[in-house]
Structures are given as structure tokens and as C-alpha cells.
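All remarks here apply to the structure that follows.
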Amino acid sequence: PVVAGLPLPAFWRQLQRLSKKEEADALGQKVLHFRTKYAWPLTIPSSDIMSAAASEAFQFLPPRSPTWRPMLVIIPRLLCTAKCPMEQYHKLAMFMLEANFRADMEYPDGAGLL
């Protein structure tokens, strides 16, 4: 299986690298439990988040310098549940976090996200 856009072994290694051993086990179980409970795919496809992305309520700001970290900015006033269900906004946030999780593999110390 592919989780967060990564083959399961790569996902697991990344999870262990970015957290304490005990936390990695619990986090992995929480991810799988949540996705199963709410029938979310193990990797959020872009087709699930198009309306939410068009709202521009979530913005990913890449680092401007090698010592800076990327930032996810949420602008609540741009959230509109008349145009897009709240679940799609949640999936968009997860989609962006998954992208950062994958990108973080490039940094030995874990670039993280603010």
C-alpha cells in the first residue's frame, strides 16, 4: 500500500525519523485508524480537493532561505461551506501536510513545517 504518497516502508521510515520510536507506532496507527474510520484514502488525491484549493484558504509558503522552514497558512475568512464541504478543506490540509511529509525526506534534520 501507498500511504501519504509513499510506499508503506518509506512512510514508516520517515515517520520513525521524524518522531520518537514510541510516538511513531502510535502516530502510524492513528493515521490508519482515522483514514479507515472516515473512509479517506491512504493518500489524498488532488481530485478530492479541487474546490477547496480554488478557495485559496490554505496557502503553502516555501522557505525563502535554506535556514527557514516552509509554512502552511490558513485564512479562515476564505472558508465557505456553501461552495465546498468542510471535509474537503480538511482533506486539503492533509494533502498539503502529506506533500510536506514527502518533501521533508530531503532534509537530514527534518525541515518540518510551521
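Just so we're clear, the structure is a prediction, and the values are computed from it rather than from any experiment. Just so it is clear, the values below take in all heavy atoms, side chains as well, and ignore hydrogens, waters and symmetry mates.
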> Can you name the closest pair of heavy atoms from L42 and P1 and give their distance?
Replying inline: CD1-CB, 4.2 Å
> How far apart are the closest heavy atoms of E87 and Y38, and which atoms are they?
Replying inline: OE2-O, 4.4 Å
> Under a 4.5 Å side-chain heavy-atom rule over Ile, Leu, Val, Met, Phe, Trp and Tyr, are L15 and V2 clustered together?
Replying inline: no
>> To the closest 0.5 Å, what do you measure between CG (L72) and CG (L92)?
In response: 8.0 Å
>> If you compare all heavy atoms of F58 against all heavy atoms of Y89, which two are closest, and at what distance to 0.1 Å?
In response: CZ-O, 3.6 Å
>> Going by ring-ring contact (aromatic ring centres under 6.0 Å, His included), name the residues that satisfy it together with F11, two or more places apart in sequence or in a different chain.
In response: F101
>> Looking at every non-hydrogen atom in both residues, tell me the closest pair between I44 and I49 and how far apart they are.
In response: CG2-CG2, 3.9 Å
>> When you compare the side chains of R17 and Q14, does any donor N or O come within less than 3.5 Å of an acceptor on the partner?
In response: yes
> Please, which pairs that meet salt bridge (charged side-chain N to carboxylate O under 4.0 Å, His left out) have at least one residue in residues 34-51, sequence neighbours excluded?
Replying inline: R35-E98, D48-K91
> What closest approach, in Å, do T43 and V3 show between heavy atoms, and which atom pair accounts for it?
Replying inline: OG1-C, 3.7 Å
>> Please report the interatomic distance CG(L8) to CZ(R13), rounded to the nearest 0.5 Å.
In response: 10.0 Å
>> Using the side chain to side chain contact (heavy atoms under 4.5 Å, CB included) definition, which of the options N100, V73, L97 pairs with F60?
In response: N100
>> I'd like to know whether K30 forms a side-chain contact (heavy atoms from CB on, under 4.5 Å) with F34, so could you lay out the CA-CA distance, the side-chain angles of the two residues, the decisive distance to 0.1 Å, and finally the verdict.
In response: CA-CA 6 Å; K30 285 180 183 179; F34 179 88; over 6 Å; no
>> Could you report the tightest heavy-atom contact between L79 and A57, atom names first, then the distance?
In response: CD2-CB, 3.6 Å
>> Main chain of A52, side chain of Q88: is a donor-acceptor contact present, judged purely on distance under 3.5 Å?
In response: yes
> Is I75 reachable from M71 through a run of I, L, V, M, F, W or Y residues, each pair having side-chain heavy atoms under 4.5 Å apart?
Replying inline: yes
> Hey, does the side chain of R102 reach the backbone of L6 with a donor-acceptor pair shorter than 3.5 angstrom?
Replying inline: no
